[in-house]
Amino acid sequence: MNGLYSCIIAVSMYSKIPMPNVEWTKERMRYVMCFFPLVGLAQGAALGLWLYLALDVLHLSVAAGALTGAALPLLVTGGIHMDGFMDTMDAVHSYGDRSRKLEILKDLHLGAFAVISFGVYMMLYLGVFYEYLSLILREDVGDRYFLYGVPCLVFVMERAFSGLSVVTFPQAKKQGLAAGFGGAAKKKTDSIVLLLWMLICLGAGAAAARMGCPGAGVLAVVLLIAYLAVFIWYYRMSVKQFGGVTGDLAGCFLQVCELIGLAAAAVLLKAGLLGGM
């Protein structure tokens, strides 16, 4: 029963999907990170459905599809991870000591670097997304469905890594979301489940490749390697500059992975290594 409560807490905390109100007890928070990738699955499914509607049903322009599609992940999550990205950018670019950076993470006000970083990020995101949609339109209609599902792979795997950081990295603060979930977690169980999510992503890529989307398995492996590289950078940066991970830093990591993941898909599609027969 606590597993069900953990699922409800994970979805309600990290998305705007309506869920029942439940009490947050330590027992019910033990497996929250196990269900964190489910939010990515829902987010990816919503985005994939929108891409299908935009391109194949409504026949919108690529620009309209890309602009709306770029906003959809923020609408599904409520921007919680983008908030962490912006706070982290403010803290990192303050060039203060560790205590000062942690204070900035708690500050409710936005600094100039948060706004600048958000603007740069969204321009890059829109550019990547526009290119990806343009390339999808070159594919036969029957081959597009696999490509509409690519965001699921991107969003699920990045959350598996992000959740793994929360339960395994040292905590920078004794209080906060990361400290709360990390402290309550059954670390061994959560870590194994999150690693299984990564294996599921690899298996899904291999299955898609066998079903008619050559390169899907390659994409899954590329995402794993790219996210692992960012994961290592994230660990070193968080420990060196903040003394450990926080919820904001985990959100920043997730947003970086999201951009890199979509860019990897666009590059592979551009190179002819991803898509239909």
Side-chain angles (χ1 to χ4, degrees), residues 10-11 14-15 17 33-55 65-66 69-70 72-74 76-77 81 124-125 128-136 139 142-165 193-231 234 250 253-277:
V11 176
Y14 293 109
S15 78
I17 299 173
M33 288 298 107
C34 294
F35 298 97
F36 186 30
L38 279 179
V39 179
L41 185 62
Q43 184 184 26
L47 183 55
L49 177 61
W50 165 249
L51 296 182
Y52 165 71
L53 292 174
L55 299 181
L72 195 59
L74 294 176
V76 173
T77 63
H81 308 302
L124 292 173
Y125 196 98
V128 167
F129 213 59
Y130 184 92
E131 185 68 13
Y132 185 68
L133 265 62
S134 298
L135 293 168
I136 285 180
E139 300 289 322
D143 296 329
R144 294 177 187 171
Y145 298 109
F146 292 106
L147 300 177
Y148 293 151
V150 163
C152 289
L153 194 63
V154 172
F155 297 155
V156 169
M157 189 178 290
E158 70 188 15
R159 280 167 174 78
F161 273 101
S162 183
L164 191 62
S165 75
V193 171
L194 290 166
L195 290 173
L196 285 175
W197 275 107
M198 297 180 197
L199 291 177
I200 290 172
C201 289
L202 293 175
R210 288 195 296 270
M211 293 172 63
C213 185
V218 175
L219 174 62
V221 173
V222 169
L223 289 178
L224 181 68
I225 295 172
Y227 289 171
L228 181 59
V230 180
F231 192 73
Y234 166 44
F253 165 77
L254 193 145
Q255 291 294 160
V256 172
C257 284
E258 187 169 320
L259 179 59
I260 290 175
L262 291 175
V267 169
L268 289 176
L269 191 54
K270 181 76 170 181
L273 300 176
L274 178 65
M277 298 296 292

Subject >> Minimum heavy-atom distance between Ala46 and Val76, given as atom pair plus value >> reply: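 Heavy-atom minimum between the residues: CB-CG2, 4.4 Å.
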**OP:** Please name the pair of heavy atoms, one in Cys34 and one in Trp197, separated by the smallest distance, quoted to 0.1 Å.
**Re:**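 Looking at all heavy atoms of both residues, the shortest contact is O-NE1, 2.8 Å.
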Pairwise distance [atom1]([X]) to [atom2]([Y]) - rounded to 0.5 angstrom:
X	Y	atom1	atom2	value
Ile200	Met157	CD1	CE	10.5 Å
Leu194	Leu164	CG	CG	6.0 Å
Tyr234	Ser165	OH	OG	3.0 Å
Leu133	Glu131	CG	CD	10.0 Å

Got [X] and [Y] here, is their nearest side-chain heavy-atom distance under 4.5 Å?
X	Y	result
Val193	Phe35	no
Tyr148	Leu47	no
Phe146	Leu274	no
Leu195	Phe161	no
Leu262	Phe129	yes

Sequence neighbours left out, cut at 3.5 Å: what donor-acceptor pairs do the side chains of residues 36-43 make with other protein atoms?
| residue | atom | partner | partner atom | Å |
| --- | --- | --- | --- | --- |
| Gln43 | OE1 | Arg159 | NH1 | 3.1 |
| Gln43 | OE1 | Arg159 | NH2 | 2.8 |
| Gln43 | NE2 | Pro73 | O | 3.2 |

Verify, without hydrogens or angle tests, whether [X] (side chain) and [Y] (backbone) share a donor-acceptor contact under 3.5 angstrom.
X	Y	result
Glu139	Arg144	no
Tyr132	Leu147	yes
Ser162	Glu158	no

Would you be so kind as to tabulate the donor-acceptor pairs closer than 3.5 Å made by side chains of residues 201-227, with sequence neighbours excluded?
| residue | atom | partner | partner atom | Å |
| --- | --- | --- | --- | --- |
| Tyr227 | OH | Val154 | O | 3.4 |
| Tyr227 | OH | Cys257 | O | 3.2 |

Original post:
Hey, are Tyr14 and Thr77 close enough side-chain-wise for a donor-acceptor pair under 3.5 Å?
Top reply: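 Side chains of Thr77 and Tyr14: no pair found under 3.5 Å.
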Original post:
Does a donor on one side chain sit under 3.5 Å from an acceptor on the other, for Gln255 and Tyr125?
Top reply: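 The criterion, which ignores hydrogens and geometry beyond distance, is not satisfied for Tyr125 and Gln255.
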Original post:
Which word best sums up how the rings of Tyr52 and Tyr145 line up, parallel for under 30°, tilted for 30 to 60°, or perpendicular for over 60°?
Top reply: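 Tilted: the ring planes of Tyr52 and Tyr145 meet at 30° to 60°.
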